[in-house]
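Only one structure is covered here, and it is reproduced in the block below.
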Amino acid sequence: MIKITLPDGSVREYEKGTTPLQVAQRISEGLARNVLAARVNGEIWDATRPLITDSTVTLLTWNDDQGKSTLWHSSAHLLAEALEALYPGIKFGIGPPIDNGFYYDVDLGDRQLSPEDFKKIEDKVLELARQNNPYLRKEVSKSEAIAYFKEKGDEYKLDLIKDLTDGNITFYQQGQFTDLCKGPHIPSTGFIKAVKVMSIAGAYWRGDEKNKQLTRIYAITFPKDKELKEYLLLLEEAKKRDHRKLGKELELFTFSEKVGMGLPLWLPAGASLRERLVQFMQRAQIKAGYLPVITPHIGHKQLYVTSGHYEKYGADSFQPIKTPQEGEEFFLKPMNCPHHCEIYKSKPRSYKDLPLRLAEFGTVYRYEQHGELHGLTRVRGFTQDDAHLFCRQEQIQEEFCKVIDLVLYVFRALDFTDYTAQISLRDPNNKTKYIGSDENWQKAEEAIILSAKEKGLRTTTVLGEAAFYGPKLDFMVKDAIGRKWQLGTIQVDYNLPERFELEYTGSDNQKHRPVMIHRAPFGSLERFVAVLIEHCAGKFPLWLTPEQVVVLPISEKYNDYAKKVLDLLKNYDIRGLIDDRNEKIGRKIRDTEVKKVPFMLIVGEKEEAENMVSVRKQGDGDVGSMSTESFANLINKEIEEKLATF
RNA sequence: GCCGAAGUAGCUCAGCUGGUAGAGCAGCUGAUUUGUAAUCAGCUGGUCGGGGGUUCGAGUCCCUUCUUCGGCUCCA
């Protein structure tokens, strides 16, 4: 008999060789029907793999990320079986689960797949799924494995086997298809109830462009048909929120081939929105003790040689700007930090000056690859809400705490309520690839962990994700439809102070090296605005939105009164317009709704006589009438409450 | 940069196997003076992404180039 510990802490005895699935069955049939895999002593196992020692077992279902990825991984095998049945002789690369579904890389030979084939593939997958074939795990020797795929003529699998160690190789078979795979897998194909082939794309074997290009087939599966339908609805919703589409509709920004790809042009509505974000951050930063600096858009080559960016990125970026002076070269700045380091060096610094917090909305230029450009999220010129905090080692924790406060203030003001923080630390097994002393790293990592804890952040910690120059803390937000985005970042840097030989005089009258912290709560304004647009579907918070109010006169007779109303609103710092077109009120309302303006003030004979406005809220309809002053006070109060928490 | 798909009016899109470009919205003009999500009528607007080729004739077929989209790779 063996002892099985379940997540609730209960311990039960089972016969040796009992499977996690049987454990589930003993608990309830309903649970057993939903078990996709199991976590056994921290490892993910097949639910049908016999337990032979005392174990801690967690049963995984569709509600667990690992349950999902197990189902998707198994689905990849099923997709491969379907493809092999439809297109005999094709060869297989790899077929892993991904964030939303899975893919399989296949070598189709001379065949071309097109979206018209998707339905056929889906039908075949479902047909095979209904056979409810079990996924059978089989341990094989390296020579057996090689023999099998030689026989089958699948050179990609042979390439994979080459790197595996003998005695550690497993096959999984379901139905007519056997694949090299370490697993785990779901018990049988019948768990897969719905499938959608999403797209195809080219992908090099092993991600190397020198290798053959395979066809990558993306698909997603679900244990219930209803979930597929929900997923497709979510995709539609994401399409509606696409910042490129909304940016065009709301006239926030545009691109021009003539100006250059990846170089956004901010239109008046977008530019004023962006300026409001900048002012919002500037106000908060002044409170937090930041000092503004301004640096030019270009810098001498030597600046980037010193910073190390020239060596690392010079060749792959915008090429130097030459001058009439022979041999003189300038670069568009790819980062603000080298300039800020020079500002630090502009005079001798004392420990009393620290922390020194230099802030700049600095526009930087990076030559992103052609295929990588995407709306505002991936551009070649963008503005960071950058700041560099120069401090003493022992000030790191306090500075981190203050930056976290600032980031959380941003999230609150912009209605990002669901976020986590990722702490990226050194790879403890490979300490040599990082710059800075072991002792400092340890202290900095500890400071980050403690400040995240002090601020009550939900965190995940990832070893080996730190930059070579220091550990960092990144914020991940979930938007209104559940997608994850990485936003603010705070990074410790031991490298640049070293390269620029930054110093301060300590209380001991000795020279010391400061630590630098990079931080950008928005990251880049371009990317942040893109995420924000998609998060709020273009319905920006009241304090930020381009127009807060549109005054709608019932007919041209009331344009003068509308003007009076708007003038009064302007005295209250409320942004608005009058729709004085010769249109019916229904039309004006519709057009204003479509522009996602939060409030409409309808004025006609009645309102003019009573000196009132009739208020209509975007999405909610008529909310009654009031005086212009009370309306102005109402919305200003709402804005104040939103922004006053820092 | 690589693979695949696409580029037609300001926007969204139609245009079958080649026969000489069309709709809705927007814009302009006029009528209407309007009460909570589209008033009516008329008009303007396109070297069909650019260049080259095949053809009596190209939006349509071929080549090339640019851009966009979906991926790959990379990201200080």
For this session: State the pairing partner of B:rC72; accept Watson-Crick or G-U wobble contacts with both distances under 3.5 Å, and report none otherwise.
Result: B:rG1
Exercise. Of the nucleotides B:rG70, B:rA76, B:rC72, which has the atom closest to the A:E372 side chain?
Worked result: B:rC72
Exercise. For A:G375 and A:I589, take the nucleotide of RNA chain B holding the closest heavy atom to each; which residue's nucleotide lies nearer the 5' end?
Worked result: A:I589
Exercise. How long is the line joining CG of A:L246 and P of B:rU12, in whole Å?
Worked result: 13 Å
Problem set entry | For A:K68, side-chain contact (heavy atoms from CB on, under 4.5 Å) partners two or more places apart | A:W62, A:W72
Exercise. Which pairs pass ring-ring contact (aromatic ring centres under 6.0 Å, His included) with one or both residues in residues 370-389 of chain A, sequence neighbours excluded?
Worked result: A:H340-A:H388, A:H388-A:H518
Exercise. How far does CZ of A:R499 sit from SG of A:C337, to the nearest 0.5 angstrom?
Worked result: 12.0 Å
Exercise. B:rC25 and B:rG4: how far apart are their P atoms, nearest whole angstrom?
Worked result: 40 Å
Problem set entry | Distance test, side-chain N/O of A:R581 to OP1/OP2 of B:rC28, below 4.0 Å | no
Exercise. Using purine N1 to pyrimidine N3 plus N6-O4 or O6-N4 for Watson-Crick, or N1-O2 and O6-N3 for G-U wobble, both under 3.5 Å, which nucleotide pairs with B:rU67?
Worked result: B:rA6
Exercise. Parallel, tilted or perpendicular for A:Y365 and A:H297, by the 30°/60° rule?
Worked result: tilted
Exercise. When all nucleic acid strands are considered with a 4.0 Å heavy-atom cut-off, which category describes A:S614: base, sugar-phosphate, or nothing?
Worked result: base
For this session: Please work out whether the ring planes of A:F390 and A:Y344 are parallel, tilted or perpendicular, with thresholds of 30° and 60°.
Result: tilted
For this session: Provide the distance between the two C1' atoms, one in B:rU44 and one in B:rC3, to the nearest whole Å.
Result: 43 Å
For this session: Check whether any side-chain N or O of A:K333 sits under 3.5 Å from a backbone N or O of A:P296 as a donor-acceptor pair, and report yes or no.
Result: yes
For this session: Can you tell me the distance, in whole Å, between the NZ atom of A:K588 and the C1' atom of B:rA26?
Result: 18 Å
Exercise. Base, sugar-phosphate, or nothing for A:R216, non-hydrogen atoms under 4.0 angstrom?
Worked result: sugar-phosphate
For this session: Calculate the interatomic distance between A:E368 atom CD and B:rG1 atom C1'; express it in whole Å.
Result: 13 Å
Problem set entry | Out of B:rA37, B:rU39, B:rU33, whichever nucleotide has its closest atom nearest the side chain of A:R590 | B:rA37
Exercise. B:rU39 pairs with which nucleotide, Watson-Crick or G-U wobble, both distances below 3.5 Å?
Worked result: B:rA31
Exercise. Expressed in whole Å, how much space separates the C1' atoms belonging to B:rU60 and B:rC16?
Worked result: 10 Å
For this session: Using the P atom as the reference point in each nucleotide, state the distance between B:rC61 and B:rG18 in Å, no decimals.
Result: 8 Å
Exercise. Within the distance-only criterion (no hydrogens, no angle test), does the side chain of A:T545 pair as donor or acceptor with the backbone N or O of A:Q548 below 3.5 angstrom?
Worked result: no
Problem set entry | Neighbours of RNA chain B within residues 598-612 of chain A, by heavy-atom distance under 4.0 Å | A:I602, A:G604, A:E605, A:K606, A:E607
Problem set entry | Rounded distance in Å between the C1' positions of B:rC66 and B:rU73 | 22 Å
For this session: Check the distance between B:rG71's P and A:L373's CG and give it to me in whole angstrom.
Result: 14 Å
Exercise. According to the interplanar angle, ranging from 0 to 90°, do the rings of A:F522 and A:F528 count as parallel (below 30°), tilted (30 to 60°) or perpendicular (above 60°)?
Worked result: tilted
Exercise. Between A:K245 (NZ) and B:rC13 (C1'), how many Å, whole number?
Worked result: 14 Å
For this session: Specify the residue among A:Y218 and A:I554 whose closest nucleotide of RNA chain B lies further upstream toward the 5′ end.
Result: A:I554
Exercise. According to the interplanar angle, ranging from 0 to 90°, do the rings of A:F331 and A:Y310 count as parallel (below 30°), tilted (30 to 60°) or perpendicular (above 60°)?
Worked result: perpendicular
Exercise. What does B:rU12 pair with, Watson-Crick or G-U, if both distances are under 3.5 Å?
Worked result: B:rA23
Exercise. If we take the P atom in both B:rU8 and B:rG51, what is their distance in whole Å?
Worked result: 16 Å
For this session: Round to the nearest Å and state the distance from A:D105 atom CG to B:rG4 atom P.
Result: 15 Å
For residues 611-620 of chain A, please give each side-chain donor-acceptor pair under 3.5 Å, one per line with the distance, not counting sequence neighbours.
unit_1 : atom_1 : unit_2 : atom_2 : d
A:N611 : OD1    : A:Y561 : OH     : 3.4
A:R616 : NE     : A:E593 : OE2    : 3.4
A:Q618 : NE2    : A:E593 : O      : 3.1

Exercise. Out of B:rU67, B:rU36, B:rG70, which has the shortest distance to the side chain of A:H370?
Worked result: B:rU67
For this session: Only counting residues at least two apart or in another chain, list the ones meeting side-chain contact (heavy atoms from CB on, under 4.5 Å) with A:A466.
Result: A:Y434, A:W441
Exercise. What does B:rG45 pair with, Watson-Crick or G-U, if both distances are under 3.5 Å?
Worked result: none
Exercise. Within this structure, what is the CD-to-C1' distance between A:Q369 and B:rU67, rounded to whole angstrom?
Worked result: 17 Å
Seminar exercise, completed: Rounded to whole Å, CG of A:D242 lies from C1' of B:rU68 at a distance of 12 Å
Exercise. Quick one: is A:R366 getting a side-chain N or O under 4.0 Å of the B:rA76 phosphate, OP1 or OP2?
Worked result: no
Exercise. Is a donor-acceptor pair below 3.5 Å formed from side chain A:R587 to base B:rA38, judging by atom type as modelled?
Worked result: no
For this session: Rounded to whole angstrom, note down the C1' distance from B:rA26 over to B:rG10.
Result: 7 Å
Exercise. What residues in residues 248-261 of chain A put a non-hydrogen atom under 4.0 Å from any atom of RNA chain B?
Worked result: A:K248, A:E257, A:M261
For this session: Considering only atom P, compute the distance from B:rC40 to B:rG45 and round it to an integer number of Å.
Result: 24 Å
Exercise. Counting only N and O atoms by type, is there a donor-acceptor contact under 3.5 Å from the side chain of A:E534 to the main-chain atoms of A:A238?
Worked result: no
